[in-house]
Amino acid sequence: MLYGLTISLVMPCRNEAKHLARMVAAIPDFYDEIICVSNKSTDNTVAIGRQLEKLYPRFHLLVDDRAVSGIGYGFAHMTGISRAKSSIIVCADSDGTYPIEDLPRILGIMKNRSLVFASCSRYPDKNIPFTLQLGVKVLNLEIFFLYAIIIHDSLSGMWVFERSVVPSLHLTEGDWNLSPQIKLNAHKYLGDRFGEIKVTQRTRLGETKQSYVKTGLGHLKWIFKNRFTQREGIQSAD
């Protein structure tokens with residue numbers, strides 16, 4: 001609990017058996033609830049998660065093996081978010097790259113800026129490989145030209161938001177595209193109550209589950225399609 005608010009941490013998880021126990025043990029005590037959602041894990045992630053449930057009453061392992069072309073990142077997030085019970089929900093990847101211990105500062109900034117949804121931006125950061133920064137910049141520019149929105153980290157995987165706004169997010173994407181969707185929808189439906197807060201990325205635990213080029217091209221296509229699908233919907237409503 002922080003500032004009188006209960007906190008749920010939601011983490012999508014695939015094949016994190018080697019470091020899951022170490023990561024969970026290091027999660028700060030102010031998280032009242034930890035929801036880890038395994039998606040198509042083929043190692044001992046689920047078995048280790050069941051053991052951790054016995055050790056930590058606040059830890060819960062869920063399994064959601066739905067996928068789009070083998071990717072279920074979005075499905076895992078949506079399942080975890082739907083089960084979270086706290087006033088504040090924090091979503092972060094289970095690879096240790098996001099500073100979940102920085103939540104007190106993030107919540108303080110959210111209060112000062114009257115935000116109900118914060119996307120944690122990793123950029124600019126000279127320690128992140130140039131190719132990844134370039135890819136995100138391209139997606140950021142696409143969003144700016146198509147939506148007239150300035151977003152510094154369109155692919156951030158750490159978000160902090162009030163549970164009360166979940167219905168306003170209208171989440172549908174089961175694959176990696178949930179990441180841009182949640183930001184675009186938060187901006188669309190929450191307006192100036194949505195914002196970005198700068199964080200510093202940490203060293204990843206384990207190996208990435210993404211093919212960056214393939215994932216990036218998929219995001220480019222989805223962001224474009226989503227923009228004009230929305231436009232068509234508005235026109236047909238008229």
Side-chain angles (χ1 to χ4, degrees), residues 9-16 35-42 45 62-82 89-98 100 117-123 125 128-129 131-144 146-147 149 151-161 166 169-188 194 196 199 201-202 204-230:
L9 176 62
V10 173
M11 302 184 299
C13 182
R14 178 182 288 192
N15 293 341
E16 308 288 3
I35 301 175
C36 183
V37 186
S38 172
N39 178 261
K40 299 183 75 66
S41 292
T42 56
T45 293
L62 306 178
V63 177
D64 185 339
D65 285 333
R66 292 176 295 167
V68 177
S69 299
I71 305 300
Y73 174 83
F75 287 125
H77 267 302
M78 287 187 283
T79 292
I81 290 170
S82 69
I89 299 175
V90 179
C91 293
D93 295 348
S94 55
D95 57 16
T97 54
Y98 290 100
I100 58 175
F117 188 111
S119 181
C120 298
S121 173
R122 301 162 293 177
Y123 301 100
D125 188 332
I128 298 176
T131 52
L132 296 183
Q133 296 201 51
L134 179 61
V136 170
K137 285 182 179 178
V138 170
L139 296 176
N140 294 347
L141 283 172
E142 182 186 23
I143 288 173
F144 175 73
L146 292 178
Y147 298 82
I149 300 170
I151 292 181
H152 297 92
D153 189 356
S154 51
L155 297 186
S156 168
M158 182 175 177
W159 322 305
V160 181
F161 51 94
V166 170
L169 299 177
H170 302 285
L171 302 178
T172 59
E173 299 303 308
D175 56 8
W176 298 120
N177 287 316
L178 185 89
S179 185
Q181 183 188 45
I182 197 170
K183 301 170 186 68
L184 290 172
N185 284 5
H187 182 276
K188 177 180 179 180
F194 162 83
E196 289 183 288
V199 297
Q201 180 168 298
R202 302 185 309 187
R204 177 187 300 277
L205 299 174
E207 299 180 357
T208 180
K209 309 301 186 300
Q210 295 192 54
S211 168
Y212 289 122
V213 174
K214 181 179 179 181
T215 301
L217 291 174
H219 286 317
L220 277 171
K221 180 179 178 180
W222 182 88
I223 290 169
F224 182 86
K225 180 180 178 180
N226 181 68
R227 175 62 181 90
F228 291 101
T229 298
Q230 288 183 335

**Message:** Checking the side chain of Asp153 only, and the main-chain atoms of Ser121 only, is there a donor and an acceptor separated by less than 3.5 Å?
**Reply:**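 No, Asp153 side chain to Ser121 backbone: no donor-acceptor pair under 3.5 Å.
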**Sidechain-backbone polar pair: Lys221 side chain, Leu217 backbone, donor-acceptor under 3.5 Å** = no
**Request:** Check Leu178 against Leu171 and note the closest heavy-atom contact, atom names and distance.
**Result:**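 The answer is CD1-CB, 3.8 Å.
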**Request:** Determine the minimum heavy-atom distance between Ser41 and Asn15, stating which atoms define it.
**Result:** OG-N, 3.0 Å
To the nearest 0.5 Å, how far apart are [atom1] in [X] and [atom2] in [Y]?
X      : Y      : atom1 : atom2 : result
Ile89  : Ser82  : CD1   : OG    : 9.0 Å
Ile143 : Leu184 : CD1   : CG    : 5.0 Å
Thr172 : Asn226 : OG1   : CG    : 8.0 Å
Gln133 : Lys137 : CD    : NZ    : 6.0 Å
Trp159 : Ile182 : CH2   : CD1   : 4.5 Å
Cys91  : Ile100 : SG    : CD1   : 12.0 Å

Can you find a pair of side-chain heavy atoms, one from [X] and one from [Y], that are under 4.5 Å apart?
X      : Y      : value
Arg122 : Tyr98  : yes
Ser156 : Tyr123 : no
Gln181 : Asn177 : no
Glu173 : Trp222 : yes
Leu139 : Pro180 : no

**Prompt:** Applying the side chain to side chain contact (heavy atoms under 4.5 Å, CB included) test to His219, which of Val136, Asp175, Leu155 qualifies?
**Reply:**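 With His219 as partner, Val136, Asp175, Leu155 yield a single side chain to side chain contact (heavy atoms under 4.5 Å, CB included), made by Leu155.
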**Request:** Quick one: sort the Phe161 and Phe117 rings into parallel, tilted or perpendicular, breaks at 30° and 60°.
**Result:** parallel
**Prompt:** How would you list, by chain and number, every residue that makes a side-chain contact (heavy atoms from CB on, under 4.5 Å) with Met11, sequence neighbours excluded?
**Reply:** Leu9, Met23, Ile27, Ile34, Cys36, Ser94
Name every donor-acceptor pair, under 3.5 Å, that has one atom in a side chain of residues 65-78 and the other anywhere in the protein, sequence neighbours excluded.
residue: Asp65; atom: OD1; partner: Lys40; partner atom: N; Å: 2.6
residue: Arg66; atom: NE; partner: Asp64; partner atom: OD1; Å: 3.1
residue: Arg66; atom: NE; partner: Asp64; partner atom: OD2; Å: 3.2
residue: Arg66; atom: NH2; partner: Asp64; partner atom: OD2; Å: 2.7
residue: Tyr73; atom: OH; partner: His77; partner atom: NE2; Å: 3.3
residue: Tyr73; atom: OH; partner: Asp93; partner atom: OD1; Å: 3.3

